[in-house]
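Below is one structure; the comments refer to it alone.
All ligand and atom numbering here is 1-based and tracks the order in the structure. The figures that follow rest on heavy atoms only: side chains count, while hydrogens, waters and symmetry mates do not.
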Amino acid sequence: MNKVVKFGGSSLASAKQFKKVKDIIMADKSRRYVIPSAPGKRTNKDDKVTDLLYACYDAASEGRSYKKIFDTIVSRYEQIIEGLNLNINLDYEFKTIEENFLAKKGQDYAASRGEYLNGIIMAAYLGYEFIDAADVICFDADGSFLPEKTNQELSNRLAKAPKAVIPGFYGSMPDGSVKTFSRGGSDITGSLVARAVHADLYENWTDVSGFLVADPRIVDDPEPIETITYRELRELSYMGASVLHEEAIFPVRKEGIPINIKNTNRPSDPGTMIVESTLKRPRYTITGIAGKKGFCTINIEKAMMNTEIGFGRKVLDVFEKYGISFEHMPSGIDTMSIFVQQSHFEEHEQSVIAGIHRAVEPDHIELDSDLALIAVVGRGMKSARGTAGRIFSALAHARVNVKMIDQGSSELNIIIGVRNEDFETAVKAVYDIFVTAEI
Ligand code: ASP
C-alpha cells in the first residue's frame with residue numbers, strides 16, 4: 001500500500017495541529033508522501049499565513065513598511081517550531097525571503113514561502129526527506145502548467161525517496177522563478193504526487209468530515225456523502241461545493257486513484273470517498289445539491305428563428321468576443337435564452353446587446369436579472385423514475401417559481417434556475433423531498 005496525504009492549512013495552523021498530523025501519519029506506514037499547505041487560521045479571527053505573505057510582499061515591494069507583518073509571519077513559524085521542540089533554525093530562510101521581497105521576486109514567490117517553510121518543518125518533525133516543489137512541479141515560460149513533464153520529474157525524483165514531504169501550491173518556470181497554482185492549489189500538488197507514485201489512495205485531510213449533501217449554511221445538519229464519483233463531484237464543485245480545489249481531481253482521475261476526504265480533528269470519521277465508478281448505491285436518490293446566485297439571462301426572440309441556420313453560433317460569437325462564458329442555453333422555436341454570470345455581463349451589457357442586434361437582427365431582446373442556478377446531482381437518478389417530478393412538485397409546494405430546467409444528457413444532474421431570493425427555499429425543499437423523506 002502506498003498513500004499520499006495532503007494536509008490543509010487549518011490542519012497545520014499550530015504545533016497542536018502538527019501533533020495530530022504526525023499521529024495520523026505514524027498510525028499507517030503506507031502514508032509515505034506528505035503534502036503540507038501553509039499554516040491556516042487558528043481561530044475565526046486569525047489570518048492565513050498565505051494572506052499575510054501577499055500583504056507583506058505588496059508592502060515591501062511598494063516601499064511601504066512591512067516589518068510588522070513580516071515579524072508576525074516569523075513568529076507563526078517560531079511558535080510551531082518551539083511547540084514541537086524541534087532543533088531547527090529558519091533564520092537563514094527568513095533573511096533570504098526578506099531580501100527577495102525587497103528585490104521584487106514576485107507575488108507567487110512570496111505566497112509560496114508559506115508552504116515551503118511548513119514543508120521544511122514537517123520534514124524535520126517526521127524525519128522524512130524534504131523535496132522542494134520548485135524542482136519537481138513544472139510550468140511553462142508563459143506560466144501554464146506542464147502536466148506530463150511534472151509527472152516525469154516527480155516519478156523520477158520520488159523513485160529515489162521512499163518517504164518525503166513535498167510542499168503544496170507551487171512549482172517553477174524554466175528560468176527558475178516560482179509559479180503558484182490558484183488559491184487552494186495544494187490539493188492539486190497532492191493529486192499530482194499521487195499520480196506520479198501510482199498511489200493506492202490520495203487522502204486529503206481538512207477540517208470537515210467530507211462532503212455534505214447540501215450546504216450547512218442553508219440546510220441544518222445535512223447528511224454526509226459517503227461515496228461520490230468524480231463526475232458527480234465535478235458537477236457539484238462547479239456549482240460551488242468547495243471542499244477540494246476544482247482542478248485537483250484530474251491527475252488522479254487519469255490513474256483511477258480514489259480520493260478520501262478526511263477530518264484531521266476527527267480521524268476516525270470515514271469521510272467521503274471520491275471514486276471513478278462504483279456499484280455502491282447512494283443512500284438517497286440524489287448524491288448532492290449545490291448552487292450559486294448571481295446569474296442573468298439574455299432572452300432573444302425572432303420569428304422563424306428555427307429555420308435560420310447558424311443563428312446560435314452568431315449569437316455565441318458575440319459573447320465570445322467580450323470574453324463572457326455562457327452557463328446554459330435553453331431554447332424554444334422562436335426564442336433562445338443565454339444564462340451568464342451577471343457581473344461579467346454587466347461590464348459589457350450595451351455592447352453585447354448591440355452586437356446581437358448586428359449579428360442576427362432579433363425582433364426583441366429582454367434581460368432578466370438576479371437569478372440562481374441549482375444543480376441536483378446523483379448517479380442514482382438515472383435508474384429512478386419520477387426524479388424530476390419529485391423535484392418540481394417539491395418546488396411548487398414551497399412556492400418557488402422555476403425559471404429554467406436543464407437535464408444533462410448524462411442524466412447525472414438536473415439544473416434548475418430560480419430567483420436569487422428563492423435560492424435557499426428551493427435548496428431546502430429539494431433536500432427535504434429526497435433526504436429527509438428517504439431517511
Ligand atoms: N496556502 C494556499 C492558499 O491559502 C494554498 C493552499 O492552501 O492550498 O490558497
- Message: Just to check, does Gly114 reach to within less than 4.0 Å of ligand 1 when the distance is taken from its heavy atoms?
- Response: no
- Tell me, with the steps shown, if Asp58 and Gln107 meet side-chain hydrogen bond (donor to acceptor under 3.5 Å, both in side chains). CA-CA 8 Å; Asp58 286 349; Gln107 275 201 327; 3.0 Å; yes
- Message: Let me confirm one number: the OG1-CD distance from Thr297 to Gln342, rounded to the nearest 0.5 Å.
- Response: 9.5 Å
- Under a 4.0 Å heavy-atom limit, does His245 contact ligand 1 with its side chain, its backbone, both, or neither? neither
- Query: Looking at Thr272 and Phe211, what are the two nearest heavy atoms and their distance?
  - Reply: OG1-N, 2.8 Å
- Look at atom 7 (O) of ligand 1 and say which protein heavy atom is nearest, naming residue and atom and giving the distance to 0.1 Å. Ser37 OG, 3.2 Å
- Heavy-atom contacts with Lys48 under 4.0 Å: which atoms of ligand 1 show up? List them by number with element. 4 (O)
- Heavy atoms, side chains only, cut-off 4.5 Å: are Phe130 and Pro167 in contact? yes
- Under 3.5 Å, N or O to N or O, is Phe169 touching ligand 1 that way? no
- Query: In the protein, which heavy atom is nearest to atom 3 (C) of ligand 1, and how far is it?
  - Reply: Arg183 NE, 3.3 Å
- Taking atom CG of Asp175 as the centre, does the number of heavy atoms from other residues, nucleotides or ligands within less than 6.0 Å exceed 12? yes
- Item | Ring centroid separation Tyr170 to Phe181 under 6.0 Å | no
- Message: What I'd like to find out is whether the side chain of Tyr116 reaches to under 4.5 Å of the side chain of Glu93, using heavy atoms alone.
- Response: yes
- What's the shortest distance from atom 2 (C) of ligand 1 to any protein heavy atom, and which residue and atom give it? Glu115 OE2, 3.4 Å
- Can you list the atoms of ligand 1 that are under 4.0 Å from a heavy atom of Gly184? 3 (C), 5 (C), 6 (C), 8 (O), 9 (O)
- atom 6 (C) of ligand 1: which protein heavy atom is closest, and how many Å away? Ser186 OG, 3.3 Å
